Amino acid sequence: MKSTQINIDPLQVIDRVSPNVFGGFIEHLGRCVYQGIYDPGSALADEDGFRVDVMTALKELQMTIMRYPGGNFASGYHWEDGIGPREKRPTVRELAWQSIETNAFGTDEFMRLCRKMDWEPMVAVNLGTGTPEEARNWVEYCNSEIGTRYANLRSINGAKKPYGVRYWCLGNEMDGPWQLGHVPAKEYAIRAQQAAKMMKDCDPVIETIACGSSGAFMPTFPAWDREVMEYIGPLSNYISLHRYVRNDDNDPFKFFGTGAKVDRQIEIIDATCRYVQALNKASERNFLCFDEWNIWYKNMTMDGKGKFAPSLIEEEYNFEDALVTGQFLNSFIRHADVVKIANLAQVVNVIAPLKTRGDELLKQTTFHAFKLYSERKEGDSLRLGISGDFFDADEGPVPCLDTSCIYSKDQRNLSLFMINLSPTDKVSVTANLFGLEVERVVGQILHHKDLKAVNTFEKQDTVVAKDFTDISSTLDSLQGELPPASLVRLDVSIS
Ligand code: AHR
């Protein structure tokens with residue numbers, strides 16, 4: 001048995017947790033759009049062709065912001081192909097995933113979906129094969145009042161009122177040789193600066209996200225990020241971070257070090273942002289937009305072989321993956337002062353918490369982890385004092401509980417998220433609260449004795465959240481015992 005003591009002080013506020021940290025990502029990739037969220041041929045489709053069962057499940061996840069249309073797809077996408085009467089939209093070869101794109105789903109369908117789902121749209125422009133002007137025209141199409149060419153086009157296509165898209169990604173993973181139109185940092189920065197200038201001239205309210213490194217593994221990390229931000233200056237508001245983690249070695253001591261690795265990636269890019277701010281003598285800094293994150297290594301089928309909606313990168317998620325999902329979210333909450341947007345990549349079928357099979361729907365293990373966090377996202381992130389036993393992650397010892405805490409003074413509620421990283425030992429926890437009186441505490445746990453346990457279409461509830469009862473409280477403390485490898489959320493009502 002290991003033990004951990006947590007000190008919780010409501011005055012130790014890191015920052016308000018940005019609701020946009022609980023975002024998702026829809027890419028024209030495999031079966032994410034077609035046969036995923038959009039499937040007019042399905043008996044479960046609504047009047048717009050959206051799958052009602054998929055939407056209902058996604059509503060449970062309470063995602064706030066949705067990135068679209070890619071991903072690698074964005075770097076070859078010409079948005080004008082995806083608007084207007086369907087019969088006039090071209091069917092094209094899609095090169096990022098070697099697929100066929102019919103363009104049946106495009107900007108107007110995405111915006112309609114966002115309205116139905118109450119998602120803030122986040123659009124990635126094409127800075128691979130597209131031009132800065134094409135990006136600027138897209139802003140006009142989405143955001144301008146009618147009276148000029150592209151805004152009028154939107155009105156003709158059925159939307160008189162502007163969509164008011166606030167968040168715009170200046171391309172995708174432009175540091176990666178796999179990207180259509182990949183260029184060195186200097187050239188990308190010139191493209192992105194030109195695009196951002198015209199986009200903001202068209203609508204000064206928008207916020208732009210420059211492409212940062214595709215991952216901490218990139219040889220140009222973090223020099224790429226520095227060079228890009230230094231050149232673009234105040235025309236970018238955020239820098240993007242991406243991370244996909246793997247467990248090829250089947251080693252929990254490596255895999256469960258994810259929280260610490262994400263912390264480090266965030267802290268390096270945060271430092272880079274501050275360094276650039278100083279270099280540029282700027283009043284504003286760039287914030288962090290973690291617009292792709294997930295676990296991805298089991299299914300690497302990426303060649304669509306010239307098919308429409310091929311089955312690509314449909315990862316099956318097990319229980320240990322759900323724990324790692326929690327570690328990403330803990331890290332974003334711990335860095336609430338700098339991480340303002342994050343997008344789980346992706347939402348259905350493609351490396352996703354949901355899977356469709358014909359008219360059936362499956363909630364994978366990671367669905368339940370994400371939900372545990374997202375339904376308690378309102379409030380301030382508190383800096384916790386942690387002491388106790390350590391977990392020997394491959395890169396060195398880390399606290400054996402991976403934690404975060406959100407406190408809402410208004411709602412008189414505090415949620416404490418704890419992941420026991422040890423695959424073998426229980427952890428006994430004592431949490432001391434300073435200046436807060438506990439009225440009631442209830443808990444939820446995600447746990448399975450087999451790290452490899454999965455949910456299947458036949459047996460959907462192998463890994464689901466359950467009530468956690470191994471908990472007691474006094475007026476100013478909580479005590480509990482977490483089983484090995486478990487994710488627990490405690491909800492404390494404050495009197
Ligand atoms: O999410 C899948 C792919 O991963 C995205 O298209 C790309 O940006 C990243 O490499």
Side-chain angles (χ1 to χ4, degrees), residues 23-34 36-37 63 65-77 94-99 101 105 110 122-130 167-183 188 192 209-221 224-225 228 238-246 262 265 288-304 309-317 321 324-325 328 341-355 364 366 370:
F25 174 30
I26 291 176
E27 176 167 3
H28 286 254
L29 192 184
R31 301 193 309 125
C32 182
V33 172
Y34 309 110
I37 189 78
M63 286 174 162
I65 186 167
M66 194 55 62
R67 182 170 181 248
Y68 172 82
N72 296 344
F73 174 83
S75 299
Y77 180 57
E94 196 290 304
L95 297 183
W97 306 103
Q98 291 296 334
S99 308
E101 175 56 57
F105 187 97
F110 176 63
M122 175 177 175
V123 173
V125 302
N126 175 357
L127 291 189
T129 63
Y167 300 98
W168 293 83
C169 303
L170 303 169
N172 176 70
E173 294 191 347
M174 293 300 298
D175 61 330
W178 59 86
Q179 200 68 211
L180 297 171
H182 155 70
V183 276
Y188 164 68
I209 299 131
C211 286
S213 296
S214 300
F217 67 91
M218 292 298 287
T220 48
F221 173 88
W224 167 283
D225 307 69
V228 164
Y238 304 86
I239 186 86
S240 72
L241 290 81
H242 289 184
R243 190 171 202 126
Y244 292 101
V245 293
R246 316 174 59 97
V262 175
Q265 185 178 353
L288 277 55
C289 171
F290 220 119
D291 58 16
E292 287 187 32
W293 65 270
N294 210 338
I295 300 111
W296 172 20
Y297 67 103
K298 303 181 205 93
N299 185 333
M300 301 306 285
T301 313
M302 289 190 264
D303 183 349
S311 167
L312 300 179
I313 57 171
E314 299 204 2
E315 190 95 350
E316 177 174 70
Y317 288 114
D321 297 329
V324 170
T325 296
F328 271 103
I341 305 174
N343 306 74
L344 172 65
Q346 302 189 3
V347 299
V348 55
N349 288 330
V350 171
I351 44 174
L354 294 173
K355 255 191 193 177
Q364 299 220 62
T366 52
F370 190 96

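Bear in mind the structure is a predicted one, so any value in this text is a computation, not a measurement. First listed ligand is number 1; within each ligand, the first listed atom is number 1.
- For the pair W178 and ligand 1, the shortest N or O to N or O distance does not fall below 3.5 Å.
- Using a non-hydrogen distance threshold of 4.0 Å, W296 registers as a contact of ligand 1.
- In this structure, E94 has no salt bridge (Lys or Arg N to Asp or Glu O under 4.0 Å) partners at least two apart in sequence or on a different chain.
- Heavy atoms of I351 approach ligand 1 to within less than 4.0 angstrom.
- Counting only heavy atoms of the protein, atom 1 (O) of ligand 1 lies nearest to Y244 OH, 2.8 Å.
- Under the side-chain hydrogen bond (donor to acceptor under 3.5 Å, both in side chains) criterion, T366 pairs with no residue, sequence neighbours left out.
- Between the side chains of T129 and N126, at least one donor-acceptor pair of N or O atoms lies under 3.5 Å.
- When each atom of ligand 1 is checked for a heavy atom of E27 under 4.0 Å away, the hits are 5 (C), 6 (O).
- With Y68 as the partner, the ring pair (Phe, Tyr, Trp, His ring centres under 6.0 Å) test is satisfied by one option alone out of F105, W168, F73, F25: F105.
- In this structure, F290 and F328 have perpendicular ring planes: the angle between them is above 60°, well past the 30° mark.
- The side chain of W97, and not its backbone, has at least one atom closer than 4.0 Å to an atom of ligand 1 (non-hydrogen atoms only; side chain from C-beta on).
- From the protein, the heavy atom lying nearest to atom 10 (O) of ligand 1 is E173 OE1, 2.7 Å.
- The distance criterion of under 3.5 Å between nitrogen or oxygen atoms is met by N72 with respect to ligand 1.
- At a threshold of 4.5 Å between non-hydrogen side-chain atoms, the residues Y34 and H28 count as touching.
- Nearest non-hydrogen protein atom to atom 8 (O) of ligand 1 is E292 OE2, 2.7 Å.
- Among N294, N299, V350, N349, the one residue that satisfies the side chain to side chain contact (heavy atoms under 4.5 Å, CB included) test with E315 is N299.
- Contact annotation: for V350 versus ligand 1, there are no heavy atoms closer than 4.0 Å.
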